Novice: 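Dropping a structure here in structure tokens format, bear with me for questions.
Reminder, nothing fancy here: chain letters follow the sequence lines and each chain counts from 1. Everything numeric in this text was worked out from a predicted model, so none of it was measured.
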Protein chains: 2
Amino acid sequence: MSKYDCLKLENQLCFPLYACAKAVTRHYKPLLDEFDLTYTQYITMMVMWEKKSASVKEIGECLYLDSGTLTPLINKLESKGYIEKHRSDDDARGVVVTITEAGKKLRDKMVKVPTAMGGCVALSEEEAGELYTLLYKILNHFDEIDAE
Amino acid sequence: MSKYDCLKLENQLCFPLYACAKAVTRHYKPLLDEFDLTYTQYITMMVMWEKKSASVKEIGECLYLDSGTLTPLINKLESKGYIEKHRSDDDARGVVVTITEAGKKLRDKMVKVPTAMGGCVALSEEEAGELYTLLYKILNHFDEIDAE
DNA sequence: TAAAAATAAATTGCATACAATTTAATTGCA
DNA sequence: TGCAATTAAATTGTATGCAATTTATTTTTA
């Protein structure tokens, strides 16, 4: 019982969160290498599969990423042929990102990825649900703080 | 109900994990800026506060980091005066990192950080415990997989 | 309506992460 | 013993992340 206990690694909640997130993306790598995508590129494609078309700002809001991360990432996805960029007609400051046919086809090939990854995580359906709820509770609270 | 549902961002467990870990380290930043430490430097100091002395390899095992990340990070902590590096007597391949007096003093100043951060996370004691358990369940399972 | 404020991307700079390679030293075994 | 295999750090290269600044454009407002 020391006043320093709060600074012990084993008493942190943030550390397993940090370590777990890294472990997950690390274990995604071999699955995604097959498609020549990084994890961040993969979740960006998830946004594009759902939206078909979105501004950099909108993608950033979905993924909690800013233009500093997204601009080079989107350029890479464009050079791979999965998306296209063009200036917005409505607002010349904005860039609209649109999914290509190749990008849509990629979706069919990648449907097997989540199942393959799910096998790694080893939580029951119920535990996964609990974790999901707790993580979004934290995320939503941060959103509220940041909105101020 | 589409076969693509598994590729929706909202159905991912890994994404909130990834986003949450980033949000947490982002919210640590203003607290750690005061001490001129990054989050990774902070958790490295946690290991040093507990162990007083450890090899780069041991630190890496605690934090799930490799020498590619730790070598430059440890050099920075050394230049700040919080730790010292020297070759191991037992094994000249190894480097032993030791905490300095300044490093020990830093601990006293930083005891308030975990409380300040805890206020941000907004989970009950019980929820925090659940999350902790679930995260280590995933981490431990990855450790088992990786040990093979 | 013209200047000020705000906004969207891009750019710059710094700090991770981590795979892969290299270097130096140690182990293990033939 | 002597060399092959292993190991610990360091190094190299690529890809984030994100704060801060810059540029171009749009909105607000005096």
Side-chain angles (χ1 to χ4, degrees), chain A residues 15 18-33 35-45 54-61 63-80 83 85-97 142 146, chain B residues 15 18-33 35-45 54-61 63-80 83 85-97 142 146:
Chain A
F15 172 68
Y18 155 88
C20 208
K22 283 195 307 166
V24 165
T25 51
R26 198 161 52 238
H27 284 85
Y28 256 111
K29 190 175 187 306
L31 296 172
L32 297 177
D33 275 352
F35 302 98
D36 188 32
L37 288 186
T38 64
Y39 179 72
T40 319
Q41 289 167 4
Y42 170 60
I43 58 177
T44 304
M45 287 309 298
S55 68
V56 173
K57 178 182 152 67
E58 285 170 326
I59 298 172
E61 283 166 354
L63 300 178
Y64 300 90
L65 292 172
D66 71 2
S67 66
T69 303
L70 283 175
T71 296
L73 190 148
I74 286 169
N75 290 341
K76 260 165 235 154
L77 286 175
E78 188 180 33
S79 74
K80 290 178 205 279
I83 56 174
K85 289 171 74 172
H86 42 81
R87 283 273 150 208
S88 169
D89 293 331
D90 307 343
D91 185 338
R93 290 170 302 182
V95 164
V96 175
V97 182
F142 277 136
D146 296 343
Chain B
F15 173 68
Y18 155 89
C20 206
K22 283 195 306 167
V24 165
T25 51
R26 197 163 53 240
H27 284 84
Y28 256 111
K29 193 177 184 306
L31 296 172
L32 297 178
D33 275 352
F35 302 98
D36 188 32
L37 287 185
T38 64
Y39 179 72
T40 319
Q41 290 167 4
Y42 170 59
I43 58 176
T44 303
M45 286 309 297
S55 67
V56 173
K57 177 182 152 68
E58 285 170 326
I59 298 172
E61 283 167 352
L63 301 177
Y64 299 90
L65 291 172
D66 70 3
S67 67
T69 304
L70 284 175
T71 296
L73 189 147
I74 286 169
N75 290 341
K76 260 166 235 151
L77 286 176
E78 188 180 34
S79 74
K80 290 179 205 278
I83 57 174
K85 287 170 75 170
H86 41 81
R87 284 274 150 204
S88 169
D89 293 331
D90 306 343
D91 186 337
R93 289 170 304 181
V95 165
V96 175
V97 182
F142 278 137
D146 295 344

Novice: Quickly work out the A:Tyr64 OH to D:dA19 P distance and round it to whole Å.
Specialist: 15 Å

Novice: Look at B:Lys57 and D:dT7 and indicate whether a side-chain polar atom (N or O) is within less than 4.0 Å of OP1 or OP2.
Specialist: no

Novice: When the distance from CG of A:Leu63 to P of D:dT16 is rounded to whole Å, what number comes out?
Specialist: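 My rounded result for the distance is 12 Å.
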
Novice: What contact category does B:Leu73 fall into here, base, sugar-phosphate, or nothing, at under 4.0 angstrom with non-hydrogen atoms?
Specialist: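 Touches sugar-phosphate only.
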
Novice: Between atom NE2 in B:His27 and atom P in D:dC18, what is the gap in whole Å?
Specialist: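 Distance check: B:His27 NE2 to D:dC18 P gives 11 Å.
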
Novice: Could you pull out all residues at least two apart from B:Glu58 that satisfy side chain to side chain contact (heavy atoms under 4.5 Å, CB included)?
Specialist: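 Result, side chain to side chain contact (heavy atoms under 4.5 Å, CB included) vs B:Glu58: B:Ala54, B:Ser55.
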
Novice: Out of D:dC18, D:dT7, D:dA9, which has the shortest distance to the side chain of A:Asp66?
Specialist: D:dC18

Novice: Restricting to pairs with a member in residues 85-97 of chain A, which pass side chain to side chain donor-acceptor pair (under 3.5 Å), not counting sequence neighbours?
Specialist: A:Asn75-A:Lys85, A:His86-A:Thr98, A:Asp91-A:Arg93

Novice: Base, sugar-phosphate alone, or nothing: which one does B:Ser67 contact when heavy atoms must sit under 4.0 Å apart?
Specialist: base

Novice: With sugar-phosphate meaning primed atoms plus P, OP1 and OP2, does A:Thr69 contact a base, only sugar-phosphate, or nothing at under 4.0 Å between heavy atoms?
Specialist: base

Novice: Write down the distance between NE2 (B:His86) and P (D:dA8), rounded to a whole number of angstrom.
Specialist: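 Taking atom P of D:dA8 as the reference, NE2 of B:His86 is at 18 Å.
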
Novice: Could you state the atom-to-atom distance from NZ of A:Lys76 to C1' of D:dG13 in whole Å?
Specialist: 12 Å

Novice: For B:Tyr28, which residues count as a ring-ring contact (aromatic ring centres under 6.0 Å, His included) partner, sequence neighbours excluded?
Specialist: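 Result, ring-ring contact (aromatic ring centres under 6.0 Å, His included) vs B:Tyr28: B:Tyr39, B:Tyr42.
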
Novice: Going from CG on A:Leu37 to CE on A:Met45, what distance comes out if it is rounded to the nearest 0.5 angstrom?
Specialist: 7.5 Å

Novice: Between P on D:dA15 and NZ on A:Lys22, what's the gap in Å once rounded to a whole number?
Specialist: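 Going from A:Lys22 (NZ) to D:dA15 (P), I get 19 Å.
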
Novice: Would you find a donor on one side and an acceptor on the other, under 3.5 Å apart, between the side chain of A:Thr71 and the backbone of A:Gly68?
Specialist: no

Novice: Using a 4.0 Å heavy-atom cut-off across all strands, classify A:Gly68 as base, sugar-phosphate, or nothing.
Specialist: base

Novice: Pairs in or reaching into residues 21-32 of chain B: which pass salt bridge (Lys or Arg N to Asp or Glu O under 4.0 Å), with residues at least two apart or in two chains?
Specialist: B:Lys29-B:Asp33

Novice: Heavy-atom nearest nucleotide on DNA chain C for A:Asn75 versus A:Lys29: which residue maps closer to 5'?
Specialist: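 Its nearest nucleotide lies further toward 5', so the answer is A:Asn75.
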
Novice: Identify the nucleotide, in any strand shown, that forms a Watson-Crick or G-U wobble pair with C:dA30, with both distances under 3.5 Å; if there is none, say none.
Specialist: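 Checking every strand shown, C:dA30 finds its partner in D:dT1, with both distances under 3.5 Å.
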
Novice: Is A:Thr40 touching bases, backbone alone, or none of the nucleic acid, heavy atoms closer than 4.0 Å?
Specialist: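 Sugar-phosphate only.
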
Novice: Find which nucleotide of DNA chain C each of A:Asp91 and A:Thr25 is nearest to by heavy atoms, and output the residue with the more 5' nucleotide.
Specialist: A:Asp91

Novice: With rounding to the nearest 0.5 Å, note down the distance linking CG in B:Leu73 to OG in B:Ser67.
Specialist: 12.0 Å

Novice: With a 4.0 Å cutoff (strictly under), does any side-chain N or O of B:Arg26 reach OP1 or OP2 of D:dG17?
Specialist: no

Novice: State which residues pass side chain to side chain contact (heavy atoms under 4.5 Å, CB included) with B:Asp66; sequence neighbours excluded, sorted by chain then number.
Specialist: B:Thr69

Novice: Checking all strands, does B:Ser88 fall into the base, sugar-phosphate, or nothing category for heavy-atom contacts under 4.0 angstrom?
Specialist: nothing

Novice: Nucleotide range of DNA chain C contacted by chain B, 5' to 3', under 4.0 Å to a heavy atom?
Specialist: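 Going 5' to 3' along DNA chain C, contacts run C:dA15 to C:dT26.
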
Novice: Side chain of B:Val95, heavy atoms from C-beta onward: which of D:dA15, D:dA9, D:dA24 has the nearest atom to it?
Specialist: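 The nucleotide sitting nearest to the side chain is D:dA9.
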
Novice: Can you check the B:Arg87 CZ to D:dA9 P distance for me, whole Å?
Specialist: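 Nearest whole value for this atom pair: 8 Å.
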
Novice: Expressed as a whole number of angstroms, how long is the span from A:Asp33:CG to D:dT14:P?
Specialist: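 Rounded to the whole Å, the gap is 15 Å.
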
